[in-house]
2 protein chains.
Amino acid sequence: MSLTADASDKPTLYKRIRADIEKRILTGEWPPGHRIPFEHELVARYGCSRMTVNKALSELAQADLIERRRRAGSFVRRPQHQSAVLKIADIRAEITALGRGYGYELISRKLRAATAADRERLGVKKAGKVIAISCRHSADNVPFAVEDRLIDLSSVPSAATADFSREPPGSWLLHHVPWTEAEHTISAIVADDRTAEALDIAIGAPCLVIDRYTWRSARTITAVRLLYPGDSHRLVARFKGG
Amino acid sequence: MSLTADASDKPTLYKRIRADIEKRILTGEWPPGHRIPFEHELVARYGCSRMTVNKALSELAQADLIERRRRAGSFVRRPQHQSAVLKIADIRAEITALGRGYGYELISRKLRAATAADRERLGVKKAGKVIAISCRHSADNVPFAVEDRLIDLSSVPSAATADFSREPPGSWLLHHVPWTEAEHTISAIVADDRTAEALDIAIGAPCLVIDRYTWRSARTITAVRLLYPGDSHRLVARFKGG
DNA sequence: TTGACTTATATGTCTAGACATATCATCGTA
DNA sequence: TACGATGATATGTCTAGACATATAAGTCAA
């Protein structure tokens, strides 16, 4: 081992302890189930107080890399049964990150009393007003995605006066509604005639579908369906863990 | 406000402080940009030491709910530009979670010297041996997904003797390779004749594609492509945050 | 063999201090 | 006006203790 207690340290001590342990886990030197040295052992090894070691281990536990059990010790966790994490980026950010020009076009915007279908889609019972928006995002003037969105005006009244002909509703909401929870569903369909025309692809071509349903504190905000050309668009996720 | 300092406490103090603040942020009472009370103010309010308050705030910062700036204070963060986190579950776990019977069937298994295409797919330069596996997962005897996998034997030599006719390679790898990193790409295609037959769907039907590329400490382990019937399969993600 | 009780122990939380460090605000100077 | 030095301040890290609590493991009795 080389858990040296000194070293010319840029990072603080607890970070170094955390990094040391993390490295051993990630390289497989300490496999899942392996017992990590007790706090008092690490205290002796690094020559610091227990609180410092505890902070390092607590953060590793919070990151699900280790599991801490009273009286037993700390153990390397088995990879989270093969689940992974995928990051879905904002469309504008995604296009900009690709170094391509972002374009936005409002297709339609309707303010109406919520129909039964609208209420079902938003998961609300009470009738109220909604805004239905249809728009298109493009990259270098090539259709990138079409968006079909419903906003619950009783949750976001200020959306009634927002100008969605210039700003995409997703960006607007992001800046006007603070913290949210959301549920995403990803699926695939083949393009019908309307979709094919909007995305400038062939009828029957594959499309990636993202349905996002957003709320805040049990209050529905918006439901959106994004359609991407399936053969050209890709969602990429990199993750560390199990 | 009702930041009461006492109360019949099941949870510990720092957890209660953290929950109090989190609630205010999530409900929008403290919007993005809002300055959270200084540590010394919270110390006074809760009647505890600074370390206790610090622990609560540190965890909120780690969860990206707040941002801490020296000398300035702690602030509610603006939602992470509309990125989200999606959990992709293991196929067997996914099917079992749905309360359906999991079925597995090995279609082919070939051990061979890596071809140029294999090396490209695995992202390795050196020639070596690989295992190519094709298999199918089903739910209640209905095809659920087809899997096409490549395992780098120089990284996982023991895979050569594994019995993939009984155990899915994904599960086997999970139990024999500790911690990994991975990259996922999700896209959509339409079924060609071979895929259509394997999944028992029509040619031209939409399919969801997940390409997963897994490595450990810069060492390639496996590359896998999963094909799901796109109209029936869904990836669902729930998340909290921006 | 099984079940109930006891004990040792590692983690969980907390304190009342300490010094370090980044940075905002102010004041003085060129 | 612009720039540079200075001090105030909030967070960042750390200490050397403390008591609480869950639980593995051992002990003893039914």
Side-chain angles (χ1 to χ4, degrees), chain A residues 3-22 24-25 30 32-78, chain B residues 3-22 24-25 30 32-78:
Chain A
L3 284 169
T4 50
D6 43 11
S8 62
D9 36 21
K10 202 85 53 82
T12 57
L13 182 52
Y14 92 87
K15 281 182 181 163
R16 212 156 53 75
I17 299 174
R18 171 158 62 72
D20 281 353
I21 296 171
E22 193 171 329
R24 282 184 159 73
I25 294 173
W30 287 348
H34 181 272
R35 211 209 73 229
I36 282 176
F38 295 129
E39 290 190 353
H40 66 83
E41 296 179 285
L42 292 170
V43 162
R45 174 127 50 192
Y46 287 93
C48 62
S49 80
R50 191 165 80 89
M51 277 299 284
T52 303
V53 164
N54 185 281
K55 181 160 187 173
L57 294 181
S58 293
E59 289 196 3
L60 288 170
Q62 214 186 321
D64 266 341
L65 230 71
I66 68 172
E67 187 190 345
R68 315 202 71 197
R69 290 207 300 272
R70 278 178 141 116
R71 164 72 211 243
S74 302
F75 301 83
V76 178
R77 274 184 71 102
R78 199 156 294 286
Chain B
L3 283 168
T4 50
D6 44 12
S8 62
D9 37 21
K10 204 78 58 74
T12 57
L13 182 53
Y14 92 87
K15 281 182 180 161
R16 213 156 53 74
I17 299 174
R18 172 158 60 71
D20 281 352
I21 296 171
E22 193 171 329
R24 281 184 160 72
I25 295 174
W30 286 349
H34 181 270
R35 211 209 72 228
I36 282 177
F38 294 130
E39 291 191 351
H40 66 83
E41 295 179 287
L42 292 169
V43 162
R45 173 128 52 192
Y46 286 93
C48 62
S49 79
R50 191 166 79 92
M51 277 300 283
T52 302
V53 165
N54 186 279
K55 181 161 187 174
L57 294 181
S58 293
E59 289 195 3
L60 288 170
Q62 216 186 320
D64 266 340
L65 230 70
I66 68 173
E67 186 189 347
R68 313 202 72 198
R69 291 208 300 271
R70 279 179 143 115
R71 165 71 210 243
S74 301
F75 301 83
V76 178
R77 272 184 69 104
R78 200 156 295 284

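Just so you know, these numbers come straight off a predicted model, no measurement behind them. Just so we're on the same page: letters track the sequence lines, and every chain starts at 1.
- At the heavy-atom level, R69(B) lies under 4.0 Å from the strands shown only through sugar-phosphate atoms.
- A distance of 5.0 Å separates CG in L57(B) from CD1 in I66(B), rounded to the nearest 0.5 Å.
- At a threshold of 4.0 angstrom between heavy atoms, the contacts of S74(A) are confined to the sugar-phosphate backbone, with no base atom among them.
- Atoms CZ and CZ, from R35(B) and R69(B) in turn, are 11.0 Å apart once rounded to the nearest 0.5 Å.
- You'll find that the side chain of L13(B) is closest to dC14(C), out of dC14(C), dG12(C), dG12(D).
- In this structure, the CG atom of L42(B) is 12 Å from the C1' atom of dA10(D), given to the nearest Å.
- Rounded to whole angstrom, the span from the NE2 atom of H40(A) across to the C1' atom of dT15(D) amounts to 19 Å.
- Checking dT13(C), dT15(C), dT13(D) against every side-chain atom of S49(B), the shortest atom distance belongs to dT15(C).
- For R71(B) and dA8(D), a side-chain-to-base donor-acceptor distance below 3.5 Å is present, hydrogens and geometry of angles not being considered.
- Distances shorter than 4.0 Å separate some side-chain N or O of R68(B) from OP1 or OP2 on dG12(D).
- At a threshold of 4.5 Å between non-hydrogen side-chain atoms, the residues Y14(A) and S58(A) do not count as touching.
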Practice item. Would you check, one step at a time, whether the test side chain to side chain donor-acceptor pair (under 3.5 Å) holds for D20(A) with Y46(A)? Key: CA-CA 11 Å; D20(A) 281 353; Y46(A) 287 93; 2.6 Å; yes
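- Here K15(A) does not reach the OP1 or OP2 of dG12(D): none of its side-chain N or O atoms lies under 4.0 Å away.
- The interatomic distance linking M51(A) (CE) with dC19(D) (C1') rounds to 14 Å, in whole Å.
- Summarising the geometry, the separation between CZ on F75(A) and P on dA10(C) is reported as 11 Å, rounded to the nearest angstrom.
- To the nearest angstrom, C1' of dC14(C) lies 15 Å from NZ of K55(A).
- Between the C1' atom of dA16(D) and the CG atom of N54(A) lies a distance of 14 Å, rounded to the nearest Å.
- Distance from the side chain of C48(B) is smallest to dT15(C) among dT13(D), dT15(C), dT11(D).
- Candidate nucleotides dT15(D), dT11(D), dG12(C) were compared by shortest atom distance to the side chain of T52(A), and dT15(D) ranks first.
- Nucleotide dT13(D) holds its C1' atom 8 Å from the OH atom of Y14(A), rounded to whole Å.
- Counting heavy atoms from C-beta on, the side chains of C48(B) and V53(B) come closer than 4.5 Å.
- Put simply, the side chain of R70(A) and the base of dT21(D) share a donor and an acceptor less than 3.5 Å apart.
- Put simply, CD1 on I17(A) is 11 Å from C1' on dC14(D), counting in whole angstrom units.
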